Structure formats: C-alpha cells, structure tokens
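A short write-up of the structure that comes next.
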Amino acid sequence: MRQSITFLLVCMLLLAGCSSINTEAANDSDYRPLIIAHRGASAVEPEHTFLSYDKALEYEADYIEIDLRRTADGELVAMHDDTVDRTTDGRGLVEELTLKKVKALDAGKGQTVPTMEEILKRYGSEVHYYIETREDDEGELVMEEQLLQLLKQYAIPKEQVILQSFSKDSIRALHKLDPDLTLVQLLKKNDVEKLDEKDLQEIKDIAMGVGIYAGILEETTVNQIQHRDLEIHAYYRGDERKWTEEILQYEVDGIFSDDPAFLANKVEKKE
Ligand code: G3P
Ligand code: CA
C-alpha cells in the first residue's frame with residue numbers, strides 16, 4: 001500500500017515537471033512581436049503613400065506607422081523627412097510649402113503625399129495607427145493638439161492608437177493633454193547609453209514603452225527595460241535583414257518593419 005502511494009506521488013511529481021517544461025516551451029513559441037509597418041510597407045511601395053499603407057494591411061501588419069510633418073499653412077501630412085526632396089519629385093522644407101504645393105508632388109508611382117485627415121478618412125477605425133510627432137525646425141511643438149483633435153473628429157478608439165516621438169517634450173505634452181493616451185518614447189543612442197533607473201521611471205510615469213534602434217540593442221538593455229514593465233519596440237535604419245534574427249531572439253515587444261510579410265514569415269519560422 002505505502003509503495004503504491006509513493007509510486008503515485010512520484011508519478012504526479014513527474015507529470016507536474018513535464019507540464020512546466022511544456023509550458024516554458026509553449027511560452028517561447030507563443031512569442032509574437034507587434035508588427036508595425038514602418039512608413040507602411042515601405043520596402044515594397046513608396047513610403048507614406050496609400051500604396052504602402054494598403055500593402056501593409058494586405059500583409060496583416062498590426063499597425064501602420066505614420067511620421068507627421070506640418071505644412072506652411074498648418075496641415076499635417078505623412079512625411080518622414082523635413083524636406084520633400086528624398087521621397088517626391090519636389091524640393092524644399094515641408095514647413096515652407098503650402099498643402100496645395102505638397103499635393104502637386106509625385107510621392108512615387110504617381111501617388112500624392114497623404115494628409116493625416118485623408119488617412120483617417122480612408123481607414124477610419126478599421127486599422128491601428130502608430131503615429132510619430134515631431135517638433136518643427138525651431139524645436140517648437142506644433143502638432144499635438146491638432147492631431148488629437150483629428151483623432152477625436154474621426155472617432156478613432158484610443159486603444160487603436162500609439163503615439164511616439166523622439167521629443168520628450170512632445171510625449172509630455174501629449175500625456176498632459178490626455179493621460180489615457182498610449183505613448184512610446186523613442187530613444188537615441190546616447191539616451192540608451194546613459195539610461196538609468198531614474199530615466200526609466202520618468203518614462204514609465206507617462207509612457208508604456210520605448211523605441212530603440214535594433215543595431216544598438218543588447219539583451220541586457222532589453223531585460224532592463226522589460227523588467228520595468230515597459231515595452232520595447234525596435235526599429236531599423238534600412239538594415240532590417242541584418243538584425244531581425246537577433247531582435248527576435250531578444251523577444252522585443254514590437255518591431256517596426258519595412259517589409260511586414262518578411263517579418264511575419266520570420267516570426268512564424270521562429271515558432
Ligand atoms: O518610429 C520608429 C522609427 O520610425 C524611428 O525612426 O527615423 O524611421 O522615424 P524614423
Ligand atoms: Ca518614424
């Protein structure tokens with residue numbers, strides 16, 4: 001009788017052990033980062049055009065990432081650079097061009113530069129937006145209230161919007177305008193190098209995560225940040241294929257991908 005009870009206990013312990021191993025394996029295989037279409041599917045279609053956003057949605061990206069600039073007449077347009085030189089057939093600073101002038105430009109494949117309002121009109125609350133605010137060239141905050149007003153006007157649910165910026169002032173201003181916003185503080189190399197507990201606490205007080213260039217990410221940094229219950233979203237500098245494997249090993253929470261189909265495939269293969 002005692003032997004059978006001991007045997008039973010040993011079996012039960014073994015079973016518990018197996019299930020925990022399975023659970024650990026299951027957790028890792030469950031890993032799936034947010035796939036954020038960086039400027040849309042910008043490796044496949046001209047960045048920040050409806051072609052690249054449509055392609056990103058076709059590839060089932062979780063978010064479309066939008067960089068914002070403000071024109072001379074106060075319109076918010078989707079544009080990464082401060083000039084239209086690299087991505088259109090035009091020349092000049094966005095903030096010195098009227099919307100009419102910007103809309104006359106070819107942003108690639110005959111596409112025009114979309115305004116933030118046109119993007120919201122086209123996709124409404126069908127998609128998730130990951131929007132980057134920027135200070136103007138004088139370092140002034142110029143777009144936070146206007147952007148929130150637009151999101152409200154088109155009734156985009158807050159849970160479908162992440163707002164990000166390299167500008168700490170912009171993130172602080174957005175939090176002040178609406179503490180319920182989901183915010184991500186983008187960090188530059190020197191921010192990361194001197195990142196300490198005080199910095200992380202300041203970020204955590206108002207934001208749910210940080211954005212860091214994949215090329216400077218180390219496992220220790222990822223652990224330091226994730227241990228503070230902050231999400232970490234990695235972005236690339238045109239070198240996605242160089243860093244993807246390593247970034248997936250770190251199990252970052254989100255990845256800005258120029259090619260969401262490529263990333264989804266890599267994630268699937270990792271599972
Ligand atoms: O927002 C993440 C990433 O897009 C930041 O860099 O220069 O591509 O806007 P950038
Ligand atoms: Ca960006």
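Please read these numbers as outputs of a predicted model, since none were measured by experiment. In each ligand, atom 1 is the first atom listed, and ligand 1 is the first ligand listed.
A donor atom on one side chain and an acceptor atom on the other are not found under 3.5 Å apart for Thr115 and Glu75. Checking His233 against Asp253 by side-chain atom types alone, no donor-acceptor pair falls below 3.5 Å. Under the 3.5 Å distance criterion, with hydrogens and angles disregarded, a donor-acceptor pair is assigned to the side chains of Asp239 and Tyr213.
Angle OE1 (Glu132) to the Ca ion (ligand 2) to OE2 (Glu65): 110°, rounded to 10°.
Residue-ligand proximity: Arg237 is placed with a non-hydrogen atom under 4.0 Å from ligand 1.
Interface atoms of ligand 1 facing Gln164, defined by a heavy-atom separation under 4.0 Å, are 1 (O), 2 (C). The distance from ligand 1 to the heavy atoms of Glu132 drops below 4.0 Å at these ligand atoms: 1 (O), 4 (O), 5 (C), 9 (O). Contact atoms of ligand 1 toward Asp67: 9 (O) (distance under 4.0 Å to a heavy atom of the residue). Each of the atoms 7 (O), 8 (O), 9 (O), 10 (P) of ligand 1 lies under 4.0 Å from some heavy atom of His80. Under a 4.0 Å criterion applied to the non-hydrogen atoms of Arg39, ligand 1 contributes the atoms 7 (O), 8 (O), 10 (P).
With a heavy-atom cut-off of 4.0 Å, Arg134 touches ligand 1 through its side chain alone.
The existence of a salt bridge linking Glu58 and Lys55 is confirmed by a sub-4.0 Å separation between a basic side-chain nitrogen and an acidic carboxylate oxygen. At a threshold of 4.0 Å, the pair Arg228-Glu197 counts as salt-bridged, since one of the basic side-chain nitrogens sits closer than that to a carboxylate oxygen.
Asp67 contributes atom OD1 as its closest N/O/S atom to the Ca ion (ligand 2).
Close N/O approach between Tyr235 and ligand 1 is not found [any backbone or side-chain N/O within under 3.5 Å].
If you look at Phe256 and Tyr130, their ring centroids are closer than 6.0 Å.
Protein heavy atom at the shortest distance from atom 4 (O) of ligand 1 is His38 NE2, 2.8 Å.
Test Met79, Glu47, Glu45 against Arg39 for side-chain contact (heavy atoms from CB on, under 4.5 Å) and you get one pass: Glu47.
Grouping the Ile, Leu, Val, Met, Phe, Trp and Tyr side chains by contacts below 4.5 angstrom, directly or via other members, places Ile66 with Ile156.
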